[in-house]
Amino acid sequence: MSRRADASRRRWLQAAGAAGLLQLAGCAGTPSAAPSSSQASALSRARVLVVGGGWGGATAARYLRLFSDGQLPVTLVEPDAALVSCPQSNLVLAGHRTLADLTFGYDALERLGVRRVRDRVVALDFDRREARLASGGRLGWDKLILSPGVELMRERVDGLQAAHAAGRVLQAWKAGPETAALRAQLEAMPNGGVYVLTVPLAPFRCPPGPYERACLVADYFKRMKPKSKVLVFDANPEPVSKAALFKAVWANQYAGIVDYRPNFKAVGVSADGREVEFELGERERADVLNVLPDMRAGDIAAQSGLAKANGRWCEVDFLDFSAKDLPKSAGVHLLGDALLAAPLMPKSAHMANAHAKVAAAAVVASLAGWELNPAPVLTNTCYSWVDGSHAIHVASVHGWNAPQRTFTVVPGGSGVSVGPSEAEAHYAAGWIESMRGEAVGR
């Protein structure tokens with residue numbers, strides 16, 4: 001590829017990320033016309049249940065209504081009162097955002113006609129097509145979209161469950177109260193203290209997330225506690241996303257603050273929550289210890305027998321995101337971070353958004369008798385902030401690969417930033433607002 005062509009591709013990826021590659025995923029199965037009277041009647045009689053109100057589930061609920069021209073009854077089950085964004089929550093740790101800035105209510109989704117049930121699904125009966133709620137209620141479905149997110153496997157690190165329960169060692173990998181608690185730990189740390197972040201072996205939710213966190217904690221230290229250190233112990237041989245960009249930021253912007261050490265897998269933490277042990281016996285003391293364990297599909301997927309891949313992830317037919325371990329007649333679709341990913345498919349909010357649109361289009365097509373889109377397209381953009389005013393990104397376009405029956409990155413359809421910039425930060429701010437509109441509306 002020529003230098004001019006490469007530059008053009010990079011500019012296109014940046015602009016697409018800023019303007020919302022989100023829209024391309026939606027086009028990958030959008031009905032071309034409003035349903036006929038008979039199709040509308042069929043849609044209005046169906047029961048569609050969406051479990052999980054995160055970036056994937058909320059987007060699916062919204063697009064089920066949009067793709068059906070408001071005809072399809074949609075029920076969203078989510079225990080939380082609002083969606084609290086994990087993307088950009090690392091900015092809260094550095095003091096550049098508050099949790100309120102990243103908390104988005106479901107009111108607009110309800111105005112669109114989505115029925116919201118604030119409860120938790122504790123069991124799924126696939127034969128009866130019925131979900132049992134924590135409150136004791138039951139909800140039936142003709143189609144189920146399950147977006148269960150991830151669970152943290154704290155049991156894989158000795159002592160971590162107890163240290164977490166005591167509030168000594170936090171993860172803050174699901175944005176909310178724990179994010180604020182980790183911020184408080186950093187604020188209480190002495191100038192000259194040590195913050196230790198451990199990264200599990202891939203795959204895990206948000207591939208660039210730990211490395212962005214290292215940057216933003218270092219940004220906080222540089223401004224407020226310049227004698228403090230950030231030690232990153234990574235179970236992987238190098239950062240699993242934007243490696244060259246993150247390494248350059250640490251060397252140029254945070255030299256003497258960030259110390260990155262690859263091939264260190266955490267296996268235990270001390271009872272006082274101040275020391276981490278690695279698999280070869282090395283130990284490291286910290287004032288604040290932030291241990292990220294392995295992750296798996298959310299509890300409802302695991303308890304329902306859907307997380308069979310490596311005992312952690314759910315498998316789907318990627319053409320319509322139907323569950324591979326169930327017959328099509330069960331009407332079950334899965335999406336988001338809980339999936340065994342296709343090649344180079346990240347566990348990201350943007351990718352969950354893309355899954356949701358293809359799954360929603362497939363559900364509406366099935367119920368209305370439309371032809372299933374034979375060649376869906378997914379897109380992804382992951383922005384990472386390196387301080388309060390500069391960001392970087394990686395973007396990719398994933399096309400349906402019919403021979404392999406999966407998604408693969410299209411030739412020339414991926415790229416990363418040249419380096420951190422204020423323009424990228426502007427794009428990142430626009431991205432989160434676009435995501436909010438896509439998922440819960442405004």
Side-chain angles (χ1 to χ4, degrees), residues 1-26 55 85-98 101-102 104 175 206-220 222-223 239-255 257-258 346 348-351 353-354 378-398 409-410 412-439 442:
M1 181 180 290
S2 71
R3 185 173 300 176
R4 178 177 296 177
D6 185 63
S8 297
R9 178 179 62 86
R10 185 179 295 113
R11 284 193 298 272
W12 177 82
L13 287 165
Q14 288 177 328
L21 276 172
L22 311 171
Q23 303 304 324
L24 184 55
W55 291 117
S85 176
C86 285
Q88 304 197 8
S89 63
N90 283 328
L91 288 166
V92 176
L93 301 180
H96 298 301
R97 295 286 189 281
T98 67
D101 296 329
L102 300 174
F104 310 132
C206 191
Y211 315 108
E212 177 193 61
R213 179 169 290 184
C215 292
L216 289 171
V217 173
D219 169 61
Y220 170 63
K222 189 174 181 178
R223 290 181 288 112
V240 298
S241 178
K242 310 173 205 170
L245 288 170
F246 281 119
K247 287 180 178 180
V249 169
W250 296 333
N252 299 328
Q253 193 167 339
Y254 298 120
I257 299 177
V258 175
S348 70
H350 195 146
M351 186 55 71
N353 167 285
L378 308 176
T379 65
N380 181 72
T381 306
C382 289
Y383 286 101
S384 299
W385 295 72
V386 301
D387 56 39
S389 57
H390 297 80
I392 54 179
H393 84 272
V394 59
S396 52
V397 180
H398 305 248
V409 177
V410 303
S414 65
V416 299
S417 308
V418 175
S421 71
E422 291 183 348
E424 294 270 356
H426 176 72
Y427 298 155
W431 175 89
I432 196 74
E433 285 303 309
S434 293
M435 286 285 290
R436 175 184 182 177
E438 292 267 306
R442 292 183 180 84

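In this chain, numbering begins with 1 at the start of the sequence shown.
- Within the 4.5 Å cutoff, side-chain heavy atoms of Pro208 are placed close to those of Phe246.
- Of all heavy-atom pairs spanning Val258 and Ala214, the tightest one is CG2-O, 4.2 Å.
- Side chain of Arg223 to backbone of Ala94: a donor-acceptor contact under 3.5 angstrom is found.
- We find the CG-CZ distance between Asp219 and Arg213 to be 14.5 Å, quoted to the nearest 0.5 Å.
- The minimum heavy-atom distance linking Ile392 with Gly419 is given by the pair CG2-C, 3.8 Å.
- Applying the side-chain contact (heavy atoms from CB on, under 4.5 Å) rule to Cys86 yields the partners Ala175, Arg205; only residues at least two apart in sequence or on another chain are considered.
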Item to complete: Run the numbers on Trp431 and His393 for side-chain hydrogen bond (donor to acceptor under 3.5 Å, both in side chains), then give the verdict.
Response: CA-CA 11 Å; Trp431 175 89; His393 84 272; over 6 Å; no
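- In this structure, the separation between CH2 on Trp55 and OG on Ser348 is 11.5 Å, given to the nearest 0.5 Å.
- Applying the side-chain contact (heavy atoms from CB on, under 4.5 Å) criterion to Ala425, with sequence neighbours excluded, gives Trp385, Ala391.
- Note that CG of Leu91 is 7.5 Å distant from CG of Leu102, once rounded to the nearest 0.5 Å.
- Nearest heavy atom pair, residue Tyr254 against residue Val386, reads OH-O, 2.6 Å.
- Expressed to the nearest 0.5 Å, how far SG of Cys215 lies from CD of Gln253 amounts to 7.5 Å.
- The shortest non-hydrogen separation linking Val416 to Val394 is CG1-CG2, 3.7 Å.
- Residue pairs meeting the salt bridge (Lys or Arg N to Asp or Glu O under 4.0 Å) criterion with at least one partner in residues 382-392, sequence neighbours excluded, do not occur; the list is empty.
- Residues meeting the side-chain contact (heavy atoms from CB on, under 4.5 Å) test with Val409, sequence neighbours left out: Leu344, His398, Ser414.
- Side chain of Lys222 to backbone of Ile257: no donor-acceptor contact under 3.5 angstrom is found.
- With a 4.5 Å cut-off on side-chain heavy atoms, Leu93 and Leu216 do not count as touching.
- Between the Ser417 side chain and the Pro420 main chain, no donor and acceptor come within less than 3.5 Å of each other.
- Applying the side-chain contact (heavy atoms from CB on, under 4.5 Å) criterion to Ala243, with sequence neighbours excluded, gives Glu238, Pro239.
- Considering every non-hydrogen atom in both Arg442 and Ser434, the closest pair reads NH2-N, 3.7 Å.
- With values rounded to the nearest 0.5 angstrom, Asp101 atom CG is found 12.0 Å from Ser89 atom OG.
- In terms of the side chain to side chain donor-acceptor pair (under 3.5 Å) criterion, residue partners of Glu212 (sequence neighbours excluded) are, by chain and number, Asn90.
- Between the OG1 atom of Thr379 and the NE2 atom of His350 there is a distance of 3.5 Å, given to the nearest 0.5 Å.
- Contact check for Pro87 versus Met435: no side-chain heavy atoms found under the 4.5 Å cut-off.
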